[in-house]
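Below is one structure, written out as structure tokens, with a few remarks after it.
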Amino acid sequence: MPDTTGASYAAAGVDIEAGDRAVELMKEWVKKTRRPEVLGGLGGFAGLFDATALKNYERPLLASATDGVGTKVDIARQLGVYDTIGHDLVAMVMDDIVVCGAEPLFMTDYICVGKVHPERVAAIVKGIAEGCVLAGCALVGGETAEHPGLLGADDFDVAGAGTGVVEADRLLGPDRIRTGDAVIAMASSGLHSNGYSLVRHVLLNEGGLALDAHLDGLGRTLGEELLEPTKIYSLDCLALMRTAEVHAFSHVTGGGLAANLARVIPDGLHAVVDRSTWAPGAIFDLVGRTGRVERLELEKTLNMGVGMIAIVPEESTDVALTTLADRGVDAWVAGEITGRGEHETGAALVGDYAV
């Protein structure tokens, strides 16, 4: 007999009950990010944030950013580890927001999956929530979407958007930078969340390396190294602004150190960064050697061991370094701001890396 059963959402591959179960599992983690300005709970159509908190500002400027974590999610999928990728997402969004001097306020996320596995979705949100705590912001809502037929059952992607606030007269940026300012580098925790298309191609495809391989210099498996969460600098940068005069920050993401630093350097000035002031971690050397990747290509793709830059007056250098050291941030003077020569661009790396 012919099948007379009508079509259904479930038959098309969307499991609403699994989605509801995922929401229940994630609620406890979202609750940990709550700030006093947040109204309501998870499950509404919109997250609510009490804007009267901004009355204490003379002229509050809202800062907004959105990002994802790129193909790093494929490493998480292959390893079946879902509770760290959320740290990366928060870092990519909130460390962009703090660059202008803004305090992170709240964030929303978007998780797209081929099939809802409630425990996996909850693990992703757990990581996002933990990241929000480290950034000092609230997770006020999000969306989980199931895309059967478009994504495989184990495939997923994440994205997020965040909002922060800064007093207008404390806005950081190019107009504050002066000749003689010091360029302070803050160490990255590893690759962070950029360049994974190159890294995966070089190490996994061309190099044939296994994620469970123990390689010289890493001190752990390759997979563990590749999944190391992106450092979240937001609260460190805000603390630095309270103790020292800061002219600008630069978040080192896609494009590398020089290109991202150039984004905050005004016309007429030049940032010179001396490679000899630090030694990139073993993972950067591994990518370069395995893929025979030229140094300039590595530097415009990966962070090479520097995740955030602070530009401060020379006289603020000592207190800035002390503040960061007290917070457990490995930081050092990596260069200075000079006048721009005829053939110079906004920023350049000089010298050779320390060994």
Check your understanding: Listed by chain and number, what are the side chain to side chain contact (heavy atoms under 4.5 Å, CB included) partners of Val81, not counting sequence neighbours?
Key -> Leu79, Asp83, Thr84, Leu227
Exercise for review: For Thr345, enumerate each residue passing the side chain to side chain donor-acceptor pair (under 3.5 Å) test, keeping only those at least two apart in sequence or located in another chain.
Suggested key: none
Check your understanding: So, for Asn260 and Gly255, which heavy atoms are closest and what is the spacing to 0.1 Å?
Key -> ND2-C, 4.0 Å
Exercise for review: Hey, could you give me the NE2/CG distance between His270 and Leu261, rounded to the nearest 0.5 Å?
Suggested key: 9.5 Å
Review point. Side chain of Asp330, backbone of Ala187: donor and acceptor closer than 3.5 Å?
Key: no
Practice item. Among Ile, Leu, Val, Met, Phe, Trp and Tyr joined by side-chain contacts under 4.5 Å, find the other residues sharing a cluster with Ile184 and list them by chain and number. Key: Val98, Val99, Leu172, Met186, Tyr233, Leu235, Leu238, Leu240, Met241, Val246, Phe249, Met308, Val312, Leu321, Leu324, Val329, Val333
Practice item. Taking the side chain as every heavy atom from C-beta outward, state whether Ile311 and Ile337 have any pair of such atoms under 4.5 Å apart. Key: yes
Review point. For residues Ser188 and Asn303, is any side-chain donor paired with an opposing acceptor at under 3.5 Å?
Key: yes
Study note, to complete from the structure: Residue pairs passing the side chain to side chain donor-acceptor pair (under 3.5 Å) test with at least one member in residues 157-185, sequence neighbours excluded, are Asp181-His247
Practice item. With salt bridge (charged side-chain N to carboxylate O under 4.0 Å, His left out) as the test, would you mind laying out the steps for Glu297 and Arg292 before giving the verdict? Key: CA-CA 10 Å; Glu297 182 67 22; Arg292 299 183 301 280; over 6 Å; no
Point to revise | Non-neighbouring partners of Asp50 that pass side chain to side chain donor-acceptor pair (under 3.5 Å), sequence neighbours left out | key: Thr52
Exercise for review: Determine whether Val287 and Thr301 make a side-chain contact, defined as any pair of heavy atoms from C-beta on separated by less than 4.5 Å.
Suggested key: no
Revision key, fill the gap. For Tyr82, the ring pair (Phe, Tyr, Trp, His ring centres under 6.0 Å) test, sequence neighbours excluded, returns Phe156
Review point. Which of parallel (below 30°), tilted (30 to 60°) and perpendicular (above 60°) describes Tyr353 and Trp278?
Key: perpendicular
Review point. If you take all heavy atoms of Leu298 and Gly288, which pair is closest and at what distance?
Key: CD1-CA, 3.8 Å
Review point. Is there a side-chain contact between Thr221 and Leu226, using heavy atoms and a 4.5 Å cut-off?
Key: no
Review point. Between Ser276 and Ala354, is there a donor-acceptor pair closer than 3.5 Å when you use the side chain of the first and the backbone of the second?
Key: no
**Study point:** No-hydrogen, no-angle side-chain donor-acceptor test under 3.5 Å, Thr317 and Glu314
**Key:** no
**Study point:** Heavy-atom donor-acceptor pair, Thr144 side chain to Ile111 backbone, under 3.5 Å
**Key:** no
Practice item. Evaluate the side-chain proximity of Met92 to Thr253: yes if any heavy-atom separation is below 4.5 Å, no if none is. Key: yes
Review point. Going from CG on Asn194 to CG on Leu302, what distance comes out if it is rounded to the nearest 0.5 angstrom?
Key: 8.5 Å
Check your understanding: salt bridge (charged side-chain N to carboxylate O under 4.0 Å, His left out) between Asp154 and Lys115: does it pass, once the steps are laid out?
Key -> CA-CA 7 Å; Asp154 292 329; Lys115 178 178 176 58; over 6 Å; no
Exercise for review: Would you confirm whether Glu344, through its side chain, and Gly341, through its main-chain N or O, come within 3.5 Å as a donor-acceptor pair?
Suggested key: yes
Practice item. Would you please test Val90 and Val93 for side-chain contact (heavy atoms from CB on, under 4.5 Å) and show each step? Key: CA-CA 5 Å; Val90 176; Val93 173; over 6 Å; no
Point to revise | Shortest non-hydrogen separation from Arg220 to His214 and the atoms involved | key: C-ND1, 3.9 Å
**Study point:** Side-chain donor-acceptor pair present, Ser234, Asp95, cut-off under 3.5 Å
**Key:** yes
Point to revise | Between CD on residue Glu336 and CG on residue Leu269, distance to nearest 0.5 Å | key: 11.5 Å
Check your understanding: Counting only heavy atoms not in Asp318, do more than 12 sit closer than 6.0 Å to its CG atom?
Key -> no
Point to revise | Min side-chain heavy-atom separation Leu151-Val113 under 4.5 Å | key: no
**Study point:** Shortest non-hydrogen separation from Ala258 to Leu349 and the atoms involved
**Key:** CB-CG, 4.4 Å
Point to revise | Carboxylate-amine/guanidinium contact Asp236 Lys231, below 4.0 Å | key: yes
Exercise for review: Please round to the nearest 0.5 Å and tell me the distance separating atom CD1 of Ile97 and atom CE of Met94.
Suggested key: 4.5 Å
Check your understanding: Within a radius of less than 6.0 Å around CZ of Arg327, do more than 12 heavy atoms belonging to other residues, nucleotides or ligands occur?
Key -> yes
